[in-house]
Structure formats: structure tokens, C-alpha cells
Amino acid sequence: MFPSLLHLLFFARVLGLAVAMLVLFWALAFNSSFLTPSLSQQDLIYAVLHPLFMVIGFILLSGEAILVHRWLPGSRGLKKFVHLCLQGVALASGIFGIWTKFQGNDGIVANFYSLHSWMGLVCVSLFGAQWLVGFMNFWHKGEARSVRIRILPWHVFLGLYTYALAIATAETGLLEKLTFLQTKRNVPKHSTESMVVNSLGLGLALLSGFVIMAVVSPRYQTRQSYKHVYSDTRCLES
């Protein structure tokens with residue numbers, strides 16, 4: 001028994017809304033946690049904007065773009081256009097989120113020393129390359145149909161891999177921030193902020209599961225596979 005696509009989309013939307021509310025609550029209610037002694041009050045704005053743009057703008061929007069082909073009615077061209085636009089906004093949010101880390105007074109190296117920062121740079125770079133390849137092959141249609149058919153499985157795989165990598169990057173960032181708060185700021189392990197950060201990490205993990213499950217749903221894939229095979233057969237016969 002496999003959950004229906006409607007149920008998967010419903011839980012993905014609920015979890016996405018919960019994640020957005022948690023990251024907003026964390027950034028607004030505990031904004032002093034983002035202000036270290038080496039940062040000025042102006043730098044606090046960039047420090048708070050980073051999780052907002054990376055989680056809400058990058059992860060949530062890219063997840064919604066992945067699900068566009070599962071829920072949006074209309075032609076395939078409309079779905080590809082909405083998918084491309086949402087992924088473009090997500091990419092812009094990711095680039096801006098990384099740009100905020102270049103604004104600190106401690107310098108660039110001070111903000112890009114950890115596993116979280118390295119994974120973030122790789123993730124956004126891979127996402128940008130994926131968006132460009134998708135635009136050139138599936139929207140601009142610069143390649144032949146046979147080339148697009150060969151590229152499509154890799155496009156889907158890299159899209160899901162990049163999304164999963166973004167979730168993993170966010171989890172390492174939350175762990176890094178919470179460890180810093182508990183060791184340097186003496187934030188209790190059972191404090192409200194600790195619970196909010198842990199809940200945010202759990203919400204992201206569950207969200208990614210529902211999004212990926214909706215994409216690889218056997219029922220949906222089976223129907224779509226028959227449609228593609230039938231469509232390709234008619235094209236070859238004609």
C-alpha cells in the first residue's frame with residue numbers, strides 16, 4: 001500500500017508551512033542569538049536574513065518547484081514554465097543567502113571554514129548549473145528531442161540529489177548554530193530556543209521525505225511511464 005499523491009502533497013504543504021513558521025519564529029523571537037560579539041547591529045540583519053532566504057526562499061521554493069509537475073493542471077509547457085520560474089527564484093534566494101555571509105566584518109574566510117559552508121557553496125553551484133542545463137534543454141529547446149530524452153533521467157536525479165543536499169546542508173547549519181549557542185552562549189539544552197531549532201531540523205527531514213516520495217510515487221510513475229512510452233511510440237511510427 002502506498003500513500004496517495006493527494007495525501008503526500010497535503011502533508012508536504014503542512015510541513016512546509018510549519019517549517020516556514022518555525023524559522024520565522026526563531027529569527028524574530030531569538031534574533032539576539034545571531035549577534036556575536038564580533039558583529040555589529042547592522043550585521044545582525046544579514047545574519048538573520050541568511051536562514052530566512054536559505055530555508056524559505058531556497059529549500060521550500062525548490063521543493064514546491066519539484067512538486068509542480070504533480071499538482072498543477074494545464075499543459076506540459078505551463079508546468080515547465082512555472083517549474084523554471086520557481087527554481088529561478090529559489091536560485092536567486094540561495095545566491096542572496098550566501099551573499100549575506102560575505103558581509104561580515106570578520107572577512108570571507110571566517111564565514112566559510114565549516115562543513116556547512118562548504119556544502120552550501122557546492123549545493124548552490126550545482127543548483128545553478130542544473131537550472132542552466134534545464135533552461136537550455138527543456139525550455140529553450142536548443143537540443144534535439146533525442147538528446148532531451150537522454151538528459152531527462154539525469155536532470156531528475158540531479159534535481160532530487162541537489163534538493164536532498166540542500167536539506168543536509170541546512171541540518172548541518174542548524175547543528176552548528178545550536179552547538180555554538182549551547183557552548184558559547186550557555187543556552188540550556190532543554191530551552192525554548194533549543195526545542196525550536198530541533199523541531200525545525202525534524203520538520204525539514206520530514207518535509208524532504210514527503211517531497212521525494214511524491215516524486216517517486218509508484219502509482220504516478222507507472223501512469224506517466226505508459227504515457228511517455230505511448231507518446232514516443234507514436235512519434236517513431238509517424
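Every heavy atom of this structure was used, including side-chain atoms; hydrogens, water molecules and symmetry mates were not. Count residues from 1 along the sequence.
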> Which distance, rounded to the nearest 0.5 Å, do you find between the CG of Leu86 and the CG of Leu72?
Replying inline: 9.5 Å
> At what distance, to the nearest 0.5 angstrom, does CG of Leu202 lie from CD of Glu171?
Replying inline: 8.5 Å
> So how far is it from Cys123 SG to Leu121 CG, rounded to the nearest 0.5 Å?
Replying inline: 10.0 Å
>> Working note: Val82 + Cys85, criterion side-chain contact (heavy atoms from CB on, under 4.5 Å); need CA distance, chi angles, decisive distance, verdict.
In response: CA-CA 5 Å; Val82 176; Cys85 292; 5.8 Å; no
> Looking at side-chain heavy atoms only, is the closest gap between Leu204 and Leu174 below 4.5 Å?
Replying inline: yes
> Taking Ser199 for the side chain and Met195 for the main chain, is one N or O donor matched with an acceptor at less than 3.5 Å?
Replying inline: yes
>> Hydrophobic clusters here meaning ILVMFWY residues chained together by side-chain heavy-atom distances under 4.5 Å, can you tell me if Val68 and Phe157 are in one?
In response: no
>> For a side-chain contact (heavy atoms from CB on, under 4.5 Å) check, start with the C-alpha distance between Gln87 and Ser62, then their side-chain angles and the critical distance, and finish with the verdict.
In response: CA-CA 6 Å; Gln87 294 289 44; Ser62 63; 3.5 Å; yes
> Can you check side-chain contact (heavy atoms from CB on, under 4.5 Å) on Leu207 and Phe11, steps first, answer last?
Replying inline: CA-CA 8 Å; Leu207 173 64; Phe11 286 115; over 6 Å; no
>> I'd like to check Trp71 versus Leu5 (side-chain heavy atoms, cut-off strictly below 4.5 Å). Are they in contact?
In response: no
>> Is it the case that the side chain of Ser125 and the backbone of Val122 share a donor-acceptor pair, with hydrogens and angles ignored and the cut-off at 3.5 Å?
In response: no
> How about Phe96 and Leu49: do any of their side-chain heavy atoms sit closer than 4.5 Å?
Replying inline: yes
>> I need the minimum non-hydrogen distance between Val48 and Ala27, along with the two atoms involved.
In response: CG1-CB, 3.6 Å
>> With a 4.5 Å cut-off on side-chain heavy atoms, are Met54 and Ser93 touching?
In response: no
>> Is the ring pair Phe135/Trp131 parallel, tilted or perpendicular, if the boundaries are 30 and 60 degrees?
In response: parallel
> Considering only heavy atoms from C-beta outward, does the side chain of Val124 approach that of Met119 to under 4.5 Å?
Replying inline: no
> Is a side-chain N or O of Gln130 found less than 3.5 angstrom from the main chain of His155, in a donor-acceptor match?
Replying inline: yes
> Parallel, tilted or perpendicular: which fits the ring planes of Tyr46 and Trp99, with parallel below 30° and perpendicular above 60°?
Replying inline: perpendicular
> Is Pro51 close to Phe34 at the side-chain level, that is, under 4.5 Å between some pair of heavy atoms?
Replying inline: yes
>> Tell me whether the count of non-hydrogen atoms from other residues, nucleotides or ligands lying under 6.0 Å of CZ in Phe81 goes above 12.
In response: no
> Would you call the rings of His50 and His116 parallel, tilted or perpendicular, where under 30° means parallel and over 60° means perpendicular?
Replying inline: perpendicular
> Hey, quick one: are Ile151 and Leu126 part of the same hydrophobic cluster, counting side-chain heavy atoms closer than 4.5 Å, chains of contacts allowed?
Replying inline: no
> Between Leu61 and Ala90, what is the shortest heavy-atom contact and its length?
Replying inline: CB-CB, 4.0 Å
> Is Leu160 reachable from Leu158 through a run of I, L, V, M, F, W or Y residues, each pair having side-chain heavy atoms under 4.5 Å apart?
Replying inline: no
> When rounded to the nearest 0.5 angstrom, what distance separates CG in Leu6 from CZ in Arg70?
Replying inline: 14.5 Å
>> Counting C-beta onward and ignoring hydrogens, is there a side-chain heavy-atom pair between Tyr163 and Phe58 closer than 4.5 Å?
In response: no
> Ala20 and Leu60: which non-hydrogen atoms are nearest, and at how many Å?
Replying inline: CB-CD1, 3.8 Å
> Between Met21 and Phe10, is there a shared hydrophobic cluster once you connect ILVMFWY residues whose side-chain heavy atoms come closer than 4.5 Å?
Replying inline: no
> From His83 NE2 over to Glu64 CD, what is the distance, rounded to the nearest 0.5 angstrom?
Replying inline: 12.0 Å
>> Checking Ser117 against Lys101 for the side-chain contact (heavy atoms from CB on, under 4.5 Å) test, could you report, in this order, the C-alpha distance in whole Å, the side-chain angles of both residues, the deciding distance, and whether it holds?
In response: CA-CA 9 Å; Ser117 59; Lys101 304 306 292 183; over 6 Å; no
> Linking I/L/V/M/F/W/Y whenever any side-chain heavy atoms sit under 4.5 Å apart, do Met136 and Leu84 land together?
Replying inline: yes
>> Can a donor-acceptor pair be found, under 3.5 Å and without considering hydrogens, that links the side chain of Lys177 to the backbone of Thr172?
In response: no
>> Show the nearest heavy-atom pair for residues Gly159 and Ile66, with the distance to one decimal.
In response: O-CD1, 4.4 Å
>> Minimum heavy-atom separation for Ser191 and Val187, please, with both atom names.
In response: OG-CG1, 3.2 Å
> To the nearest 0.5 Å, what is the distance between CG (Leu15) and CG (Leu22)?
Replying inline: 10.5 Å
>> Before we go on, tell me: are the rings of Tyr113 and Trp118 under 6.0 Å apart, centre to centre?
In response: no
> Mind checking whether Ile98 and Phe53 have side chains closer than 4.5 Å, heavy atoms only?
Replying inline: no
> Do you know which two heavy atoms are closest between Glu193 and Ser33, and how far apart they sit?
Replying inline: OE2-OG, 2.7 Å
